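We name chains A, B, ... by the order of the sequence lines, and we start the count at 1 in each one. Just so it is clear, the model here is predicted, and its values are computed rather than measured.
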2 protein chains.
Amino acid sequence: MDVRRGVIIVSVTIKDVAKAAGVSIATVSRVLGKTKPVSSELEMKVRQVIKELGYVPNEVARSLITNSSSSIGVIVPKLEYSVSGSWLRGVERFARLQGYSVILTVSDGQTDKEIESFNVMQQKRVDGVIWSAVDFSEDHGTFLADYPIPVVAVGQDFEPYGIPSVVFQNGKIGYDATRYLLKLGHKRIAMIAGNMRDSSSGKDRLEGYRKALREAGITEEETLVAVGDFTMDSGYECMKKLLPYGPTAVFAASDTMAIGAMHYASQAGIRIPDELSVMGVDNLEICQHLNPTLSTVDYDAGELGTTAARLVLKMDQEDSKAQCLSVPHKLVIRDSVREIGGCY
Amino acid sequence: MDVRRGVIIVSVTIKDVAKAAGVSIATVSRVLGKTKPVSSELEMKVRQVIKELGYVPNEVARSLITNSSSSIGVIVPKLEYSVSGSWLRGVERFARLQGYSVILTVSDGQTDKEIESFNVMQQKRVDGVIWSAVDFSEDHGTFLADYPIPVVAVGQDFEPYGIPSVVFQNGKIGYDATRYLLKLGHKRIAMIAGNMRDSSSGKDRLEGYRKALREAGITEEETLVAVGDFTMDSGYECMKKLLPYGPTAVFAASDTMAIGAMHYASQAGIRIPDELSVMGVDNLEICQHLNPTLSTVDYDAGELGTTAARLVLKMDQEDSKAQCLSVPHKLVIRDSVREIGGCY
DNA sequence: CTGAAAGCGCTAACAA
DNA sequence: TTGTTAGCGCTTTCAG
């Protein structure tokens, strides 16, 4: 018991503790779970024996009977993005504080892997799953229709599909950034949008951009919009396409793409911000160390994770209908943008 | 049974399946586990019922009896570093392929949180834990001495403490990078080292640097070494300290610090690489989009994770003594370095 | 090949 | 306050 007998390791069970302490297993269970009163005399005795024997409760057995594994599942499409790390961190922090642990799977944004993950989560009887989604297909719909575990989506608003969601206000992010550029006097504002499959940070930021232009009475030019995939390389390529059309400012749906864009522009001999203003989204650490420093939109990714975790655990307690929570953002102005005169 | 009765959800068990299929639960178990032969007639029947009822096996119950939760625990100090994401991804990939899932905890590099995590992992009866360590204290030693679950360390060589480890060859990374700069003719090579607590990427890369200088017959100057903490800000600050001593090249223990260093140097009016060569380590995506593009050391972080996962699961099968595996690296030469003449 | 039955380690009535 | 006991859902002998 907690001793290597040959190669086999036999671990101490509640029974061993009970026997050694001269009490019933129920009593031991009670001091562990603090669920029912136990005389302080026995409690002391039991605690001592637990320490002596190095007893560690078997959470698996407990889970079987309580029908809760005190863990929450997280499905992410990518881990390489530092944003994933930040909100995941938020989930973990909240989970840990509540005595839950996190089971992590990576989907590469593929529906079949996501479904597989949902299945694993169900097998492991997690108490809730947080799903960093890419899109919502018919397959998702039919599968999730009778999924017995609370699910919250993160990053995409799936409330219309009945899935509670926690998001950044991507439409507003695009709108706010573009309005800011307009206010500085820019009229030819280009946009480097993200992959449309990632409907929210891709599509909604673009929509926000369009709305701002519309409100300003500016007709959108198709040639001033390019679509990347959130990599720096794609930002570089998009800038290459955009530059010939003479934008005075460019708004990229992510800092990574903004960085690629700045890179291309510099190479092309364009001075930033004198000849071209640039804005990104995400507020990566690097923004302050670029030359010029990059203006961007900042939000609290950790908060997104924390909120999602709180929500999914609450759903486990009480039934409430789907809602969509959002985490605020704000502009961070640095040196990559400038005001321009009336004419261009 | 997989049906919402009021608010309570009762899930289908193996018993329900057995009853509906008109067989014993043992038979159902056998078709699930493929452990013993079952007549194809019954098997078909059972499979059909499983589908009809939407039965999902309870992995918790299975774990209790098999004494294996088919999951592996991962303890990381930080998630914000993109490197964490990469090797974690490697772990997840391998785990998934082997039918395991990943339980993740974040320690912030604090010993007490690490110990807590190890405890949680034990309670959950994971089959192995992968520990991205920061340092090995006495507390770790006494705690791990009779820890009943296989542990492998990642990023630090704890083989001397009896813990199998998977690492990058940090000494060699520092050595190779420095030798390369020496070969280009540099004699005043500065180093921005990392936090010494993170003994390996901090200390060992510095050691490698020193060794290369020694071998080249160059006396190390204390003023040419500054210590950062792997953030860009710290790289910036270190460069500020280093510059007055007139290095012709600087080797930073991470790309992030190299970026901060480049930033300061540019601001100070130093042209890179004409007046100062810069090298980093990590080969972040950004390296190719800096101006100039950053020379660095590349390694396969995913491979580190995969190797660690493979190792820890193997330990679960067979007892083998502690070993230290390493993942190779290579120099990536870009525009931030240049050859210099005989005199400086 | 199949079924009955004995647990895995623990919690939660139910008695005492 | 404490102990006895019946399972949680599943795997696995052990007999058929």
Do you know which of Ser70(A), Ser71(A), Ser63(A) makes side chain to side chain donor-acceptor pair (under 3.5 Å) with Lys124(B)? Ser70(A)
Give a yes or no on whether a salt bridge exists between Lys45(A) and Glu41(A), defined as a side-chain N under 4.0 angstrom from a carboxylate O. no
Roughly how many Å is it from CG in Asn58(B) to P in dG7(D), rounded to a whole number? 18 Å
Starting at atom NZ of Lys124(A), determine the distance to atom P of dC10(D), rounded to an integer number of angstrom. 14 Å
Lys/Arg N to Asp/Glu carboxylate O, Lys113(B) vs Glu116(B), below 4.0 Å: no
Just say parallel, tilted or perpendicular for the rings of Phe118(A) and Tyr147(A), cut-offs at 30° and 60°. perpendicular
Can you tell me how far C1' of dC10(D) sits from CG of Asn67(A), to the nearest Å? 14 Å
Does Thr27(A) put a side-chain nitrogen or oxygen below 4.0 Å from OP1 or OP2 of dG3(D)? yes
With the sugar-phosphate defined as primed atoms, P, OP1 and OP2, and the base as all remaining atoms, what B/S/- string results for nucleotides 11-16 of chain C, 5' to 3', for protein heavy atoms under 4.0 Å? BBB---
Taking any heavy-atom pair under 4.0 Å as a contact, classify Val60(B): base, sugar-phosphate, or nothing. nothing
Glu59(A) CD to dC8(C) C1': how many Å, rounded? 15 Å
Counting only side-chain heavy atoms from C-beta out, which of dG9(D), dT1(D), dG3(C) sits nearest to Pro37(A)? dT1(D)
Under 4.0 Å, heavy atoms only, any strand: does Val38(B) hit a base, just the sugar-phosphate, or nothing? sugar-phosphate
Round to a whole Å and report the spacing from CZ of Arg125(B) to C1' of dG9(C). 9 Å
Does Val56(A) form a side chain to side chain contact (heavy atoms under 4.5 Å, CB included) with Arg125(B)? I'd like the steps, not just the answer. CA-CA 10 Å; Val56(A) 176; Arg125(B) 297 299 193 262; 4.2 Å; yes
Distance, rounded to the nearest Å, where Gln123(B) contributes CD and dC10(C) contributes C1': 13 Å
Apply the test side chain to side chain contact (heavy atoms under 4.5 Å, CB included) to residues Val60(B) and Arg62(A): give CA-CA distance (whole Å), side-chain angles for both, the deciding distance (0.1 Å), then the verdict. CA-CA 10 Å; Val60(B) 175; Arg62(A) 170 183 271 150; over 6 Å; no
So, OP1 or OP2 of dG9(C): does either fall under 4.0 Å of a side-chain N or O from Thr13(A)? no
Report the C-alpha distance between Val76(A) and Val106(A) in whole Å, list the side-chain angles of each, state the deciding distance to 0.1 Å, and finish with yes or no for side chain to side chain contact (heavy atoms under 4.5 Å, CB included). CA-CA 5 Å; Val76(A) 297; Val106(A) 181; 4.1 Å; yes
Can you check the Lys19(A) NZ to dG9(C) P distance for me, whole Å? 12 Å
